[in-house]
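Throughout, a chain's letter reflects where its sequence line sits, starting with A, and its residues are numbered from 1.
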Protein chains: 2
Amino acid sequence: MAEQGTTTARRRVALTREAIVEAAIRLCSPEGGGVLTFSRLGKELGADPTAVYRHFRDKDELILAMTTVMVEEAVALASVDALGPDRWRESLTGSARAVRAVYLERPALAVLAAVRTTASDVETSSVEQIIGMLHGAGLPVIEAAECCRMLLDLTLAMTQSSAAFLVLDKESQAKDDAAWSVQYGLLPEDRYPLLHQSAARLTELFRDDAQVFELVLSTFLDGVALKIERARAEQARTERTRTEQARKGSALG
Amino acid sequence: MAEQGTTTARRRVALTREAIVEAAIRLCSPEGGGVLTFSRLGKELGADPTAVYRHFRDKDELILAMTTVMVEEAVALASVDALGPDRWRESLTGSARAVRAVYLERPALAVLAAVRTTASDVETSSVEQIIGMLHGAGLPVIEAAECCRMLLDLTLAMTQSSAAFLVLDKESQAKDDAAWSVQYGLLPEDRYPLLHQSAARLTELFRDDAQVFELVLSTFLDGVALKIERARAEQARTERTRTEQARKGSALG
DNA sequence: ACCTGAACACCGTTCAAGT
DNA sequence: ACCTGAACACCGTTCAAGT
């Protein structure tokens with residue numbers, strides 16, 4: 001009998017920063033309703049909506065704290081399979097998928113969080129780890145850092161875009177969906193022969209943006225692989241030159 | 001003396017769909033204030049805020065109309081330099097940059113528009129054109145369509161992300177900026193040697209997300225180039241086989 | 001037929017008052 | 001020290017009333 005009262009409000013929880021953040025994150029998941037307002041948050045906590053202001057300066061500060069928690073969860077999930085430099089591709093793919101999955105569990109938060117920076121320790125060491133992996137694979141440090149940042153931006157941006165669609169009310173979602181289906185179904189073959197030919201695939205991709213993300217990720221990583229190959233070739237070339245010069249030097253000396 | 005009255009409201013315009021959309025788009029640009037509300041829109045039109053409801057069912061319908069206009073502008077700008085299949089890379093780069101530029105001129109609209117679909121004719125023919133170019137470069141039609149969709153999603157997602165930051169109030173922007181600078185400046189070298197080494201570059205990339213976009217775009221297109229090479233090689237292989245079989249057939253016949 | 005203005009529900013936020 | 005509840009400014013939207 002931990003519960004008391006007959007209201008629809010959730011169990012009364014001690015109002016701490018952590019309890020508030022936890023409740024707020026819960027509200028952002030589809031099961032929690034997918035909307036974050038002070039009114040709903042107050043009900044979830046069994047307290048007055050404005051009580052939250054005793055622990056957070058404003059909504060922005062609350063969102064920042066929520067984001068930190070979510071990022072830490074994503075990083076923990078992502079770095080589980082931190083494989084060696086020879087398997088950088090699988091590692092990066094796994095990390096990107098983990099971030100996306102954790103974010104899409106709370107679309108309403110993902111939309112709010114994607115822009116904001118959270119300077120958490122665990123995130124920092126994860127970035128260091130990724131740079132190390134790419135560097136170990138053959139990329140100069142600066143270039144490795146660039147690739148890490150690109151992957152992060154790319155993943156967050158596309159995830160946020162998916163989240164934004166999930167947050168739309170059902171009506172708008174249906175409107176968008178219908179627009180695509182109808183449009184691609186009615187394309188005149190003589191004016192748009194190629195679109196007509198690929199309409200089925202394009203409709204499929206629209207319905208499932210996880211697939212688009214996988215394709216983009218794979219294509220992007222192909223580009224990274226190319227950078228690594230080039231870097232290795234360059235390194236091999238300079239080493240060969242150095243060896244030759246050394247040989248020449250010893251021959252002359 | 002076209003102007004009259006002493007209010008801060010703009011010139012009184014005949015209330016048509018086009019006039020409303022034009023005014024609304026203007027409000028979304030930084031010069032226009034960068035915020036779209038019915039109140040501000042009414043003032044801009046010199047009419048009662050609720051007068052807009054005589055021409056648009058709700059705000060969503062207005063945003064859809066605004067998005068259509070902006071997309072058409074972007075497409076017009078993007079297809080100016082539609083070069084041949086041999087220069088697909090420059091064409092796609094130009095298109096992506098054009099879309100990004102047009103969207104970032106009205107960050108407040110970009111944020112609202114990025115998810116919504118607008119089935120405009122001019123957009124359709126632009127997509128057909130891009131698929132044709134990639135197909136001409138050697139990609140099978142379906143794969144060309146996939147690449148087109150990937151590029152579009154990628155560009156819109158990253159552009160929307162940049163727009164979301166521009167829409168943040170100055171205070172939050174400064175907070176984010178400070179967070180990055182401080183964090184990367186204070187990283188202990190012994191724990192984060194690689195991050196310490198690339199801190200300057202990472203800070204630069206954070207400050208200038210146009211640069212990140214260019215890098216991602218280039219890396220992604222490297223991946224597309226690889227797909228094209230593979231497709232060409234595959235095609236050459238099957239053609240050779242067919243020729244050999246034809247030769248064998250004629251030798252046997 | 002089109003525009004106006006009062007009204008409503010909802011949002012984030014403030015502040016004086018309670019315990 | 002922490003929570004409550006009335007109040008405020010602002011938002012999108014509705015609707016009866018004007019012309």
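Consecutive pairing runs in DNA chain D reach the stem threshold at C:4-8 with D:12-16, C:12-16 with D:4-8, where a stem means at least three Watson-Crick or G-U wobble pairs with distances under 3.5 Å.
B/Asp48 has its CG atom 14 Å from the C1' atom of D/dT19, to the nearest Å. Rounding to whole angstrom units, CZ of residue A/Phe56 and C1' of D/dC3 are separated by 16 Å. For A/Arg17 and D/dC2, the CZ to P distance is 13 Å, given to the nearest whole Å.
The shortest distance between the side-chain N/O atoms of A/His55 and the OP1/OP2 oxygens of D/dC3 is below 4.0 Å.
Residue pairs meeting the ring-ring contact (aromatic ring centres under 6.0 Å, His included) criterion with at least one member in residues 34-77 of chain B, sequence neighbours excluded: B/Phe38-B/Tyr53.
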Atom pairs under 3.5 Å: protein N/O with N/O of nucleotides 12-15 of chain C:
| unit_1 | atom_1 | unit_2 | atom_2 | d |
| --- | --- | --- | --- | --- |
| C/dG12 | OP1 | A/Lys59 | NZ | 2.5 |
| C/dG12 | OP2 | A/Phe38 | N | 3.1 |
| C/dT13 | OP2 | A/Tyr53 | OH | 3.0 |
| C/dT13 | OP2 | A/Lys59 | N | 3.0 |
| C/dT13 | O5' | A/Tyr53 | OH | 3.1 |

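Salt bridge status for A/Glu214 with A/Arg100: absent, with no side-chain N to carboxylate O gap under 4.0 Å. Using a 4.0 Å cut-off between a side-chain N of Lys or Arg and a carboxylate O of Asp or Glu, B/Arg26 and B/Glu22 qualify as a salt bridge.
Atom CD of A/Glu61 has more than 12 heavy atoms from other residues, nucleotides or ligands within 6.0 Å.
Every residue two or more places apart in sequence or in another chain that forms a salt bridge (charged side-chain N to carboxylate O under 4.0 Å, His left out) with B/Arg207 is listed here: B/Asp177. Scored by the salt bridge (charged side-chain N to carboxylate O under 4.0 Å, His left out) test, A/Glu72 finds no partners at all (sequence neighbours excluded).
Taking both residues in full, the closest heavy atoms of A/Arg40 and A/Gly32 are given as NH2-O, 2.5 Å, listed atom of the first, atom of the second, then distance.
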Indicate every side-chain donor-acceptor pair of residues 144-153 of chain A with a distance under 3.5 Å to a residue at least two apart or in another chain.
| unit_1 | atom_1 | unit_2 | atom_2 | d |
| --- | --- | --- | --- | --- |
| A/Glu146 | OE2 | B/Arg201 | NE | 2.6 |
| A/Glu146 | OE2 | B/Arg201 | NH2 | 2.9 |
| A/Arg149 | NH1 | A/Asp153 | OD1 | 3.0 |

